[in-house]
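The next block holds one structure in the form of structure tokens; read it before the comments.
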Amino acid sequence: MKYLDFVTRLILAALFILFGAGKFHAFMPTPQMTGKAAMFLGALLSTGYLWPFIGVLEIAGGIALLANRTTNLGLILLGPIIVNIVGYLLILQNGIGPAPIVMSIFLVSSMIFLVYRRRQTWWKVLAG
């Protein structure tokens with residue numbers, strides 16, 4: 001179980017660091033978007049600050065996932081981002097194929113798994 005935890009943290013960290021860095025320098029090709037998905041991303045990009053801010057949070061959360069001690073901080077930073085990514089993939093990119101569904105399942109299951117593995121720590125914090 002320890003190795004699965006490590007591999008899950010490593011994959012999530014790599015994804016968020018890579019995609020977070022992609023918000024500052026477009027080194028990955030972006031697919032053609034239409035409709036509401038294009039309007040949503042256009043709004044995020046046109047503000048001039050929100051897109052880079054999300055990138056900073058993704059990079060910080062990904063780096064925090066790398067160390068076992070700071071995994072909870074990474075989960076707190078990435079939790080709202082994962083919720084929005086899943087909403088974007090399932091609602092705005094509906095019908096594009098199985099990739100949004102697979103990515104959503106991976107993100108949600110990884111988040112739940114990592115939170116569950118640290119449930120004792122979460123209960124200590126919540127109980128005070």
Side-chain angles (χ1 to χ4, degrees):
M1 214 37 125
K2 234 193 290 189
Y3 297 113
L4 183 60
D5 184 88
F6 175 73
V7 169
T8 304
R9 285 188 299 118
L10 192 64
I11 291 171
L12 272 181
L15 276 173
F16 280 105
I17 291 170
L18 179 70
F19 284 102
K23 293 192 176 33
F24 296 103
H25 181 69
F27 54 85
M28 294 182 294
T30 55
Q32 183 75 14
M33 285 185 242
T34 60
K36 292 180 181 180
M39 291 185 337
F40 178 74
L41 285 181
L44 287 178
L45 289 166
S46 68
T47 62
Y49 95 95
L50 194 54
W51 194 247
F53 180 66
I54 294 169
V56 167
L57 289 177
E58 287 180 353
I59 293 169
I63 291 171
L65 284 179
L66 291 175
N68 194 28
R69 180 173 275 231
T70 58
T71 299
N72 285 339
L73 175 63
L75 293 172
I76 289 170
L77 289 173
L78 294 176
I81 294 172
I82 289 174
V83 168
N84 281 289
I85 290 171
V86 169
Y88 172 81
L89 289 173
L90 295 180
I91 295 169
L92 295 178
Q93 288 205 339
N94 191 13
I96 297 207
I101 296 170
V102 171
M103 185 61 147
S104 297
I105 290 170
F106 171 74
L107 288 173
V108 170
S109 62
S110 297
M111 181 80 169
I112 290 171
F113 172 72
L114 291 174
V115 167
Y116 179 76
R117 288 274 296 156
R118 286 150 185 81
R119 65 190 176 279
Q120 298 301 326
T121 307
W122 291 103
W123 281 116
K124 287 179 188 176
V125 170
L126 292 174

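On a predicted model such as this, the values are computed, not experimentally measured, just so you know.
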Atom of L78, atom of G62 and distance for their closest heavy-atom approach: CD1-N, 4.1 Å
M1 to R117 - nearest heavy-atom pair and separation: CG-NH1, 3.5 Å
Qualifying salt bridge (Lys or Arg N to Asp or Glu O under 4.0 Å) pairs, either residue in residues 62-82, two or more places apart: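 Sorted pair list comes back empty.
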More than 12 foreign heavy atoms under 6.0 Å from OH of Y88: is that the case here?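 Atom OH in Y88 is packed in, count exceeds 12.
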Which pairs would a plain distance check flag for residues 6-18, meaning a side-chain donor or acceptor within less than 3.5 Å of a matching protein atom at least two apart in sequence or in another chain?
residue : atom : partner : partner atom : Å
T8      : OG1  : L4      : O            : 2.7
R9      : NE   : D5      : OD2          : 3.1
R9      : NH1  : L65     : O            : 2.9
R9      : NH1  : L66     : O            : 3.1

With a 3.5 Å cut-off and sequence neighbours excluded, list the donor-acceptor pairs that the side chains of residues 107-116 form with protein atoms.
residue : atom : partner : partner atom : Å
S109    : OG   : I105    : O            : 2.7
S109    : OG   : F106    : O            : 3.2
S110    : OG   : F106    : O            : 2.8

With sequence neighbours left out, which residue pairs that include part of residues 40-59 fulfil the side-chain hydrogen bond (donor to acceptor under 3.5 Å, both in side chains) condition? K23-E58
Are I81 and L50 connected in a single hydrophobic cluster, I mean Ile/Leu/Val/Met/Phe/Trp/Tyr linked by side-chain heavy atoms less than 4.5 Å apart?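 Same hydrophobic cluster.
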Looking at side-chain heavy atoms only, is the closest gap between L41 and L44 below 4.5 Å? yes
Got a second to check how far I85's CD1 is from Q93's CD, nearest 0.5 Å?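 Output value for this atom pair is 11.5 Å.
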Using the side-chain contact (heavy atoms from CB on, under 4.5 Å) criterion, which residues pair with F24? Sequence neighbours excluded.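 Partners of F24 under the side-chain contact (heavy atoms from CB on, under 4.5 Å) test: P52, V56, I59.
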With N84 via side chain to side chain donor-acceptor pair (under 3.5 Å) - residues at least two apart: none
